[in-house]
Amino acid sequence: MANKKLIVGNWKMNVDNYEQAKVLATKCRAVAAKLAKTEIVVCPPFPFITAATTTSKIDAYHMGAQSASIFEGGSHTGSVGAKMLSDLGVEYVIAGHSEERTAGDTNETVSKRIARILEAGLSAIVCVGEKTRDEGGSHLDFLKVQIKETFANIPIDKAKKIVMAYEPVWAIGAKDAMVPEQVYEMSLFVKKVFSDVFGPDAGLKVKVLYGGAVNSRNARDIMTIGKVDGLLVGRESVNMPGFTELLDAVDEI
Ligand code: PGA
C-alpha cells in the first residue's frame, strides 16, 4: 500500500548459516502479520534468500536482496542478476549501499544496477549519503551530484519503482544516528533533488528512508521528527528482540 511506512532490514553478512536465516525470517513474518501501518522488506545475503521465501502471502512482508549485477545475464562469474532474484520472489533490491561504493561502486555502476533492477520489474532501494559534513554545506553539493549522476540514464517513468534511502556514511555502523531534526532537513533535500530529476509529481510521491545506526530506541523520533517514510536498518535487523520493538514502535505512529 502506497502510504504505509517501509522498514528495510539489511542483514549484510551478519547471518552465519541457513538455519539462522530461516529462524530470523520466520520471526519477521510473524511480526509482519500483526503490522497495520507498516511493511517490512527482508534482505538476506544471496545464499540465504530462499530461507526467507514464504508460501503463505503476508501483505506486509516482502523479500529483498542486497545488490544485483550491472549485467543482464551472460558470462559474468560471481554475479547475481536481477531477473534471477525476481524468479526467487524478490521484490526490492538495494543499490548503491555505501559499503558497495567503498568496494568500488561508482555513480555510473550504481546507475547500471538500478537499470537492471527496474528492467526486471523490481523496486530499487537507492542508497545515497555524504561521507562528511561541514558548515559550508559542501555535503549538499556532494549529495546533489551523487543523486543526479546515479539516475543519469534512468527513464522518468520508472520513478515510481524507486525508494530513496538517505544514509549519511558516517552514521552507518556508528553508535549514534543523525539527529532527527537533521534527518528532516536532509530528507527534504533528497526529495527536492529527486523532483529535479524525475519531476515534481514523482518528488512528492517518492518514499525517502533514513539509514545509519537506527535502533529500537531512536526509531520513533527519527520517523516522527525526521518525517521520513521509513528506515533502512542494519545491525538492529538481525537482533530480533530489538527489531520487533522497533517495528512495534513505528507501527504505533
Ligand atoms: P546500521 O547499518 O544500521 O548497522 O548502522 C545501516 C545500513 O548500512 O544500511
Side-chain angles (χ1 to χ4, degrees), residues 5-16 20-21 24 27-28 31 38-46 48-49 52 62-68 90-105 110 113-114 117 123-133 139 142-143 146-147 150 162-180 182-183 186-187 190 206-223 226 228-250:
K5 290 159 276 189
L6 192 66
I7 306 297
V8 181
N10 177 9
W11 295 0
K12 307 190 182 183
M13 280 176 75
N14 293 321
V15 181
D16 296 332
Q20 197 190 343
L24 255 181
K27 289 184 179 165
C28 283
V31 181
T38 312
E39 300 198 343
I40 314 182
V41 179
V42 167
C43 303
F46 290 139
F48 301 155
I49 283 179
H62 303 277
M63 282 180 41
Q66 298 174 19
S67 188
V90 166
E91 293 170 76
Y92 290 84
V93 183
I94 298 172
H97 190 282
S98 72
E99 284 151 12
E100 284 213 298
R101 289 182 187 266
T102 303
D105 231 358
V110 175
R113 281 184 213 293
I114 297 168
I117 293 165
S123 294
I125 301 169
V126 179
C127 300
V128 294
E130 75 280 2
K131 292 194 191 96
T132 53
R133 293 171 76 79
H139 52 281
F142 174 87
L143 202 55
Q146 191 183 48
I147 295 172
T150 295
I162 297 169
V163 174
M164 294 302 290
Y166 168 64
E167 301 205 294
V169 177
W170 48 269
I172 296 175
K175 188 168 147 284
D176 296 315
M178 176 179 251
V179 295
Q182 261 174 1
V183 171
M186 296 308 292
S187 69
V190 169
V206 68
K207 274 191 160 79
V208 179
L209 317 182
Y210 166 81
V214 176
N215 56 42
S216 60
R217 297 173 303 285
N218 60 21
R220 193 188 164 85
D221 282 355
I222 294 173
M223 290 292 300
V228 279
D229 303 293
L231 303 165
L232 177 44
V233 187
R235 288 157 293 170
E236 193 79 314
S237 71
V238 291
N239 163 34
M240 218 41 219
F243 196 49
T244 306
E245 236 179 86
L246 180 155
L247 289 164
D248 287 342
V250 169

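It should be emphasised that the depicted structure is a prediction, and the values quoted were computed from it without experimental measurement. When a ligand or atom number is given, it counts from 1 through the structure's own listing order. Numbers for residues simply follow the sequence, beginning at 1.
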### Task
Show your working on side chain to side chain donor-acceptor pair (under 3.5 Å) between H62 and E39 and close with a plain yes or no.
CA-CA 8 Å; H62 303 277; E39 300 198 343; 2.9 Å; yes
### Query
In Å, rounded to the nearest 0.5 Å, how long is the span from CG of N14 to OG of S237?
7.5 Å
### Query
Could you give the distance from CG (L231) to CZ (R220), rounded to the nearest 0.5 Å?
12.5 Å
### Message
Do P180 and M223 make a side-chain contact, defined as non-hydrogen atoms from C-beta onward lying under 4.5 Å apart?
### Response
no
#### Entry: Residue and atom name of the nearest protein heavy atom (relative to atom 4 (O) of ligand 1), distance in Å to one decimal
R235 NE, 2.7 Å
### Query
Should you measure from each heavy atom of G234, which atoms of ligand 1 turn up under 4.0 Å away?
1 (P), 2 (O), 3 (O), 4 (O), 6 (C)
### Task
Just jot down the ligand 1 atoms closer than 4.0 angstrom to any heavy atom of H97, in number order.
7 (C), 8 (O), 9 (O)
### Query
Considering only heavy atoms of A213, which atoms of ligand 1 have at least one such atom less than 4.0 Å away?
1 (P), 3 (O), 5 (O)
### Candidates D105, I94, V93 - the one meeting side-chain contact (heavy atoms from CB on, under 4.5 Å) with R113
D105
### Message
When you compare ligand 1 with G173, is there at least one nitrogen or oxygen pair between them that comes in under 3.5 angstrom?
### Response
yes
### Query
Side chain, backbone, both or neither: which part of E167 has a heavy atom under 4.0 Å from ligand 1?
side chain
### Task
Would you check, one step at a time, whether the test side chain to side chain donor-acceptor pair (under 3.5 Å) holds for E167 with S98?
CA-CA 8 Å; E167 301 205 294; S98 72; 5.4 Å; no
### Message
I'd like to know whether ligand 1 has K12 as a neighbour, heavy-atom separation below 4.0 Å.
### Response
yes
